[in-house]
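Remarks on the structure that follows.
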4 protein chains.
Amino acid sequence: MTDLEEAIALVRADVARLHSELVRYGLVVWTGGNVSGRVPGADLFVIKPSGVSYDDLAPENMILCDLDGTVVPGSPGSDRSPSSDTAAHAYVYRNMPEVGGVVHTHSTYAVAWAARGEEIPCVITGMADEFGGPIPVGPFAIIGDDSIGRGIVETLSGHRSRAVLMQNHGPFTIGVSAKDAVKAAVMCEDAARSVHIAREAGPLIPIPQDKIDALYNRYQNVYGQSSDDRRDDAEDAR
Amino acid sequence: MTDLEEAIALVRADVARLHSELVRYGLVVWTGGNVSGRVPGADLFVIKPSGVSYDDLAPENMILCDLDGTVVPGSPGSDRSPSSDTAAHAYVYRNMPEVGGVVHTHSTYAVAWAARGEEIPCVITGMADEFGGPIPVGPFAIIGDDSIGRGIVETLSGHRSRAVLMQNHGPFTIGVSAKDAVKAAVMCEDAARSVHIAREAGPLIPIPQDKIDALYNRYQNVYGQSSDDRRDDAEDAR
Amino acid sequence: MTDLEEAIALVRADVARLHSELVRYGLVVWTGGNVSGRVPGADLFVIKPSGVSYDDLAPENMILCDLDGTVVPGSPGSDRSPSSDTAAHAYVYRNMPEVGGVVHTHSTYAVAWAARGEEIPCVITGMADEFGGPIPVGPFAIIGDDSIGRGIVETLSGHRSRAVLMQNHGPFTIGVSAKDAVKAAVMCEDAARSVHIAREAGPLIPIPQDKIDALYNRYQNVYGQSSDDRRDDAEDAR
Amino acid sequence: MTDLEEAIALVRADVARLHSELVRYGLVVWTGGNVSGRVPGADLFVIKPSGVSYDDLAPENMILCDLDGTVVPGSPGSDRSPSSDTAAHAYVYRNMPEVGGVVHTHSTYAVAWAARGEEIPCVITGMADEFGGPIPVGPFAIIGDDSIGRGIVETLSGHRSRAVLMQNHGPFTIGVSAKDAVKAAVMCEDAARSVHIAREAGPLIPIPQDKIDALYNRYQNVYGQSSDDRRDDAEDAR
């Protein structure tokens with residue numbers, strides 16, 4: 001096995017396994033969500049096949065694509081179609097070289113904010129830690145061209161948040177690895193739910209911007225078992 | 001085993017197994033929901049027995065009925081009563097020959113819209129994909145004659161939606177196969193929940209009709225592992 | 001083993017096992033709920049021990065009490081204290097001879113109606129089937145004398161509903177058997193949740209009284225695998 | 001094994017195991033919550049490592065700290081960082097000698113009250129039993145100095161409640177043992193959810209103070225399998 005083959009095998013295993021986290025945290029129903037991961041050191045990424053049950057996902061039926069979203073001919077799983085969101089994932093990998101993983105779900109509370117086109121305000125410290133401010137809304141865009149990918153990239157470039165709520169659609173999240181993007185999807189739904197429920201019962205207390213900054217900087221730099229947990233995650237995927 | 005016996009055996013297995021999806025997605029409590037599937041090539045369908053725990057469902061205790069909803073004498077399971085909703089299922093099979101499966105649940109959020117007699121507006125792309133527009137409300141009707149079945153057929157005939165919210169009662173869904181109808185039940189509750197929660201917090205952004213049409217047409221024609229995933233599902237049931 | 005010993009052993013097994021249904025349907029947290037069952041043909045009932053984890057319940061640690069709620073000395077489990085709600089259960093068995101099982105939970109939505117002292121209106125057919133009308137509220141009463149038991153009996157005597165929402169406290173349900181009372185607890189929470197969520201979004205459509213009557217009469221008489229499913233359940237407990 | 005080593009081993013096992021209760025009751029997502037337990041008879045406590053999945057927690061990777069929150073050098077797990085909330089736990093142990101366990105979560109409904117800075121009113125008997133009145137709010141404080149620990153101690157000292165909602169952050173709970181603090185975390189979220197949902201639909205009926213007092217006194221003194229269940233729990237941890 002070459003180094004590249006080994007790298008691909010690791011990402012296939014990781015991407016297949018990480019879909020079970022979407023199920024565990026209730027972010028998806030039926031086949032409606034997808035995880036992808038970039039192959040380190042290559043212009044390739046691995047993504048879920050389209051319309052296949054989460055129970056049936058395995059490393060060997062994950063699909064290997066180039067950065068245009070074209071399935072690599074002859075690779076394992078290449079007899080199937082990749083996720084119908086593949087073009088959006090590919091656009092992100094082409095345009096955000098720092099991104100190692102992308103996740104899309106229709107998780108309930110994040111979809112609710114998206115259906116109103118309303119960003120999630122940063123009123124809980126867990127959001128400040130994870131997203132460093134509000135979770136923004138991206139444009140209305142439908143499948144068929146580059147518009148979803150472009151909307152994700154334009155909204156998240158230069159933004160602290162690793163999550164975007166695509167209007168009337170649902171959340172896309174990015175990360176330094178597939179695992180990091182899955183974590184962002186889990187925390188995005190958690191924030192969407194907590195802030196929704198909080199606001200149902202009365203006005204929310206804002207967190208001063210300098211406190212948000214302090215929380216975000218600490219969490220990104222010192223949390224976890226090394227000086228950069230998210231870089232660790234990226235290591236895991238290698 | 002004749003071809004017909006084999007076809008019946010496959011539908012029995014499918015219908016018994018699919019009830020576990022209702023449990024998995026939290027659409028039912030106790031014994032309150034039912035799945036049926038048409039036997040391809042015969043004027044027969046298979047349905048759940050009445051008042052039996054989901055833990056105890058098995059292919060051999062599913063009940064075989066003709067299209068009048070009469071239990072086929074001497075068939076396995078015929079010593080039990082079929083679901084009390086059997087007449088409604090039978091009416092649908094008699095009057096909608098393209099239907100291969102029917103599902104009924106009392107799933108929480110769908111029931112909530114039904115108790116207000118309010119259709120679910122199509123404000124999220126996942127609904128446009130799956131239902132091609134709003135999920136309609138059917139008439140108030142109670143068990144005892146054909147009125148439930150007639151209400152389902154009149155509401156769904158010529159409608160894109162595979163789900164109807166029977167007023168004060170709950171959702172019925174149809175599909176080209178039992179699995180497709182179960183998928184519709186899962187996606188109906190998901191839509192009912194997401195749109196309910198979205199609207200609790202403010203006005204929703206409508207999706208333009210031409211975008212709804214584009215999403216629906218794409219999803220029905222190109223999503224999944226073949227040109228018609230739903231026809232595939234029907235194949236599965238054969 | 002005498003007939004009485006055998007009857008006690010069956011009720012012990014039934015009551016221990018039925019607590020897992022409270023867990024399965026999310027009606028209880030920690031140790032906060034209890035099921036009891038009358039021993040057929042004797043002035044005895046079996047109830048959960050106090051403050052014991054649901055994971056540790058077994059037939060032999062269930063507690064046998066007389067109809068005053070006194071633990072039967074020397075019986076298995078009699079070294080432990082019975083549920084702190086034992087006096088309320090005992091009061092019901094003393095005063096409602098037709099009752100074969102009693103259940104108490106703090107299930108979320110039922111507690112919410114109880115904290116407002118508001119009965120649950122019968123606006124969904126599933127409630128009409130199961131409860132034959134609204135689920136009533138009982139008086140505010142606290143542990144220490146007969147007041148909880150008396151409140152349950154006074155509210156439910158002559159009422160179709162097998163569930164009562166004790167004000168500021170939570171639901172108590174009764175049935176012809178322990179299983180039937182557990183079913184009532186499950187359906188009570190389901191009704192409490194569905195009607196709460198329905199009403200959040202607008203006015204509810206009432207069901208005409210004659211339709212409620214028709215649904216209730218049908219369900220009590222013809223639903224299930226015999227002419228009286230609930231009597232069947234009572235048989236199961238024997 | 002010395003007595004101290006044995007005591008530490010028991011607390012390690014208890015703290016590792018108790019995290020699974022946070023998962024079971026849905027109080028945590030990803031790695032966002034932590035349990036600690038004091039080592040009886042020593043100025044030491046055991047806490048979760050930082051940023052480690054709940055699936056991977058085991059007695060040997062729990063971390064032993066002194067009451068300043070410093071990891072005991074050379075002890076099992078000391079190659080890892082302790083929970084980023086360790087300073088807050090340590091502050092509580094230093095200043096509240098009666099406390100044997102501390103828990104922190106971001107459970108949804110408790111966070112919602114915290115984001116509004118609103119205490120949870122005591123309108124259900126289960127809260128009166130467990131907390132003896134409202135669940136109070138603590139000050140806004142962020143990680144980096146003693147302010148979280150100080151806020152917990154100042155709010156809970158002399159208060160019946162074992163739970164405090166730290167503003168914009170989430171609940172911290174204390175107990176005579178780690179298990180007792182976990183129970184408080186479970187019951188705090190249950191109360192936060194039930195009262196939130198109750199109040200969505202209309203005004204709540206208050207419980208008279210003398211009834212709250214009576215419920216609290218009974219529950220603290222006679223509930224469970226001994227005259228003091230919570231002291232029992234502390235025994236369990238020894």
Checklist entry - How long is the gap from CE on B:Met127 to CG on A:Asn168, to the nearest 0.5 Å? => result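 The CG atom of A:Asn168 is 11.5 Å from CE of B:Met127, to the nearest 0.5 Å.
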
Checklist entry - When rounded to the nearest 0.5 angstrom, what is the spacing between OG1 in B:Thr125 and CD1 in A:Ile148? => result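 Here the interatomic distance stands at 7.5 Å.
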
Next on the checklist: Going by side chain to side chain contact (heavy atoms under 4.5 Å, CB included), name the residues that satisfy it together with A:Ala13, two or more places apart in sequence or in a different chain.
Outcome noted: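 Side chain to side chain contact (heavy atoms under 4.5 Å, CB included) list for A:Ala13, sorted by chain: A:Pro59.
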
Item to check | Partners meeting side chain to side chain contact (heavy atoms under 4.5 Å, CB included) with B:Ala214 (sequence neighbours left out) | outcome: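 Expected list: A:Ile142.
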
Checklist entry - Given that the side chain runs from C-beta out, which part of A:His169 has a heavy atom under 4.5 Å from chain B: side chain, backbone, both or neither? => result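 Both parts, backbone and side chain.
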
Checklist entry - Does anything in residues 202-211 of chain B get under 4.5 Å of chain A by heavy atoms, and if so which residues? => result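 Listed by number: B:Gly202, B:Pro203, B:Leu204, B:Ile205, B:Pro206, B:Ile207, B:Lys211.
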
Checklist entry - So which bits of residues 103-123 of chain B come within less than 4.5 Å of chain A, counting non-hydrogen atoms only? => result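 Against chain A, the residues of residues 103-123 of chain B that fall inside the cut-off (heavy atoms, under 4.5 Å) are B:Val123.
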
Item to check | Between A:Gln167, A:Arg199, A:Met166, the one whose heavy-atom pairs under 4.5 Å with chain B are most numerous | outcome: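 The option with the most such pairs is A:Gln167.
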
Checklist entry - Which atoms of B:Met187 come close to chain A, meaning under 4.5 Å heavy atom to heavy atom: side chain ones, backbone ones, both, or neither? => result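 Just its side chain gets close to chain A.
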
Checklist entry - B:Glu21 versus chain A, heavy atoms under 4.5 Å apart: side chain, backbone, both or neither? => result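 Side chain only.
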
Checklist entry - Take atom CG in B:Asp213; do more than 12 heavy atoms of anything else shown fall under 6.0 Å from it? => result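 Yes, CG of B:Asp213 has more than 12 neighbouring heavy atoms, counting only those of other groups under 6.0 Å.
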
Checklist entry - Looking only at heavy atoms, what is the nearest atom pair of B:Tyr25 and A:Trp30, with distance? => result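 In terms of heavy atoms, the two residues are closest at OH-N, 2.9 Å.
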
